[in-house]
Structures are given as C-alpha cells and as structure tokens.
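Taking it in order: structure first as structure tokens, then the write-up.
The residues of the chain are indexed from 1 along the displayed sequence.
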Amino acid sequence: MAQLFPKWTNTLPKIGLVATGVGSCAAVFVVWFWFSPYNINVGYQPQQPLPFSHELHVGQLGMDCRYCHAFVAEAAVAGIPPTQTCMNCHKDIKKDSVQLAAVHQSWATGKPIPWVRVHKIADYAYFDHSVHLAAGVGCLSCHGEIHRMQQVRQMQPLSMDWCLQCHRNSSDHLRPVNQVTNPDWQPHGGWHDVAQQKSLLLHPPVANCSGCHR
C-alpha cells in the first residue's frame with residue numbers, strides 16, 4: 001500500500017515538541033520580564049484633579065511631608081490631606097487662582113478632592129509607614145526625589161523582591177529619625193556608619209511570611 005504522507009512528515013511531532021518547549025519558555029520570559037512591576041508600575045503618573053506641585057511646596061517652600069500627610073509617623077497609612085489642610089494657606093494665598101478652583105469647590109461643597117492614588121501595595125501585603133519612619137527609613141527611599149516632582153509618579157516597583165532587597169540590607173536606607181522627611185539630608189561617613197550610631201535599627205521579618213502577609 002502506497003504511503004499517504006512523505007517520509008519527512010515523521011519529524012513533525014519532534015518539531016512540534018521543540019516548538020512547544022521554546023514557545024512556553026518565551027511566554028514565561030515575556031510574562032516574567034515585561035509584566036513585572038519594574039515595567040508596569042514604575043513611571044505610573046495619573047492625571048490629578050489639580051496641579052499640585054511637590055517641587056514647589058516641598059522643594060522650594062520647604063514644607064515638611066508631615067504637614068500634609070499628618071498620620072504618616074503614627075499610622076500604617078500616610079493619609080491624603082483633607083481640603084482643610086490646603087485652605088490653611090490658600091484661603092489667603094493665591095485664593096483667586098484658577099488652578100485652585102477644585103480646592104475652593106471642595107471647600108464650598110464639603111466633598112473631598114478626588115485625588116488619584118499613585119502608590120499602592122497589594123491588598124494581600126501589609127505595610128506600615130509609622131514603623132519604617134520610626135526605624136529611620138527616609139521618604140526618598142520609597143518615593144524617590146519627590147521634592148523635585150511637579151507631578152507625583154511612582155519611582156520604585158513596590159514588589160516583593162524590591163522590598164526584600166531593602167529588608168536584607170536595611171542599613172543602606174537608614175538615617176537619623178529626625179531627618180526621615182528631609183529630602184536634602186546626606187550621610188556623613190557612609191550609610192553603615194549612620195546605622196551603627198543609631199540605637200533603633202530596622203529588624204524586618206525577612207524569614208517570616210506573616211510579617212507582611214497577615
């Protein structure tokens with residue numbers, strides 16, 4: 001009986017098997033690399049309801065982060081400043097500015113300004129701002145040079161791998177507690193010397209899953 005298919009077709013299953021293996025590896029690489037927080041989250045910069053500039057308020061005017069984010073040193077979340085905080089200054093300063101229309105509308109109606117959140121940890125992970133600030137971790141370690149940003153953007157991936165890198169080398173990010181919100185602070189003698197002089201060091205639960213996943 002004559003063969004229905006040429007002899008070379010016997011190699012098709014092998015080719016298909018190899019192609020499947022290569023394709024699977026390629027798919028895993030694409031998802032692992034291109035869909036990682038470094039490519040998806042870093043650089044995220046949503047449009048906000050009004051052009052609030054950290055470069056102006058923090059960088060030029062020297063406002064402390066804790067004036068607007070009043071709970072950052074005492075609570076797990078930093079907190080978004082209420083309209084009252086803005087009006088403490090802007091009821092007299094640039095009160096007729098068109099750029100502040102959303103602030104005055106919020107003040108008049110009692111409805112909060114619909115700020116768009118930029119930095120967010122996954123719901124299955126626990127992060128406490130107050131613990132990190134009390135240990136001497138500066139704001140810039142996670143948020144980048146926010147005092148130079150006209151519009152806030154995410155500078156770090158906030159991924160598990162990124163967190164663990166800091167937790168395993170925490171002394172590289174420590175500073176005196178009274179300097180955690182100072183964007184211009186620089187270590188004298190190196191980060192490790194600063195850490196050795198501190199009485200309170202960060203000892204994160206790097207080996208205990210329940211430390212972050214509660």
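A continuous path of ILVMFWY side-chain contacts below 4.5 Å connects Ile113 to Trp107, so both sit in one hydrophobic cluster. The same ILVMFWY cluster, assembled from side-chain heavy atoms under 4.5 Å apart, contains both Ile146 and Val118. Taking hydrophobic clusters as Ile, Leu, Val, Met, Phe, Trp and Tyr residues chained together by side-chain heavy-atom distances below 4.5 Å, Val72 does not share a cluster with Val177. No continuous path of hydrophobic side-chain contacts links Trp115 to Val77 [ILVMFWY only; heavy atoms under 4.5 Å]. Residues Val131 and Leu140 are members of separate hydrophobic clusters, defined by side-chain heavy-atom contacts under 4.5 angstrom among Ile, Leu, Val, Met, Phe, Trp and Tyr.
Listed by chain and residue number, Arg66 satisfy the salt bridge (Lys or Arg N to Asp or Glu O under 4.0 Å) test with Asp64 (two or more places apart in sequence, or in another chain). Among residues two or more places apart in sequence or in another chain, the side-chain contact (heavy atoms from CB on, under 4.5 Å) test is passed with Ser97 by Lys94, Gln99, Leu100. Taking Ala125 as the reference, Ile121, His213 meet the side-chain contact (heavy atoms from CB on, under 4.5 Å) condition, with sequence neighbours excluded.
Under the 3.5 Å distance criterion, the side-chain polar atoms of Ser130 are left unmatched by any main-chain donor or acceptor of Ala76.
The shortest distance between side-chain heavy atoms of Pro176 and Trp185 falls below 4.5 Å. Here the side chains of Met149 and Met155 are in contact, with some heavy-atom distance below 4.5 Å. Side-chain atoms of Val152 and Gln48, non-hydrogen and from C-beta on, never get closer than 4.5 Å to each other. Looking at heavy atoms from C-beta onward, Leu158 lies out of side-chain contact with Phe127 at the 4.5 angstrom threshold. Between Gln151 and Ser53 there is no side-chain heavy-atom pair separated by less than 4.5 Å. Side-chain contact between Glu55 and Gln60: present, with at least one pair of heavy atoms (C-beta onward) separated by less than 4.5 Å. Proximity of Val116 to Gln47: side-chain heavy atoms (C-beta onward) are nowhere separated by under 4.5 Å.
What you find for Tyr126 and Gly211 is that their closest heavy atoms are CD2-O, 4.4 Å. Here the closest non-hydrogen pair linking Pro183 and Thr181 is CD-O, 3.1 Å. Scanning both residues, Ala102 and Leu50, for their nearest heavy atoms gives CB-CD2, 3.8 Å. Annotation for Leu133 and Val180: closest pair O-CG1, 3.6 Å, computed over non-hydrogen atoms. Smallest separation of non-hydrogen atoms from Val42 and Pro157: CG2-N, 3.6 Å.
Taken to the nearest 0.5 Å, the OG atom of Ser106 stands 10.5 Å off from the CD atom of Gln84. For the atom pair Leu56 CG and Gln150 CD, the distance stands at 9.0 Å (nearest 0.5 Å). In this structure, the separation between NE2 on His104 and CE on Met87 is 5.0 Å, given to the nearest 0.5 Å. Atom-to-atom distance recorded for Glu145:CD and His54:NE2 is 14.0 Å, nearest 0.5 angstrom. For the atom pair His147 NE2 and Met63 CE, the distance stands at 15.5 Å (nearest 0.5 Å). The NE2 atom of His132 lies 10.0 Å from the OG atom of Ser141; values are rounded to the nearest 0.5 Å.
By the 30° and 60° cut-offs, the orientation of the rings of His57 relative to His90 is perpendicular.
Counted by atom type alone, Gln165 and Asn169 present zero donor-acceptor pairs between their side chains at under 3.5 Å.
Two rings, from Phe71 and His129, have their centers 6.0 Å or more apart.
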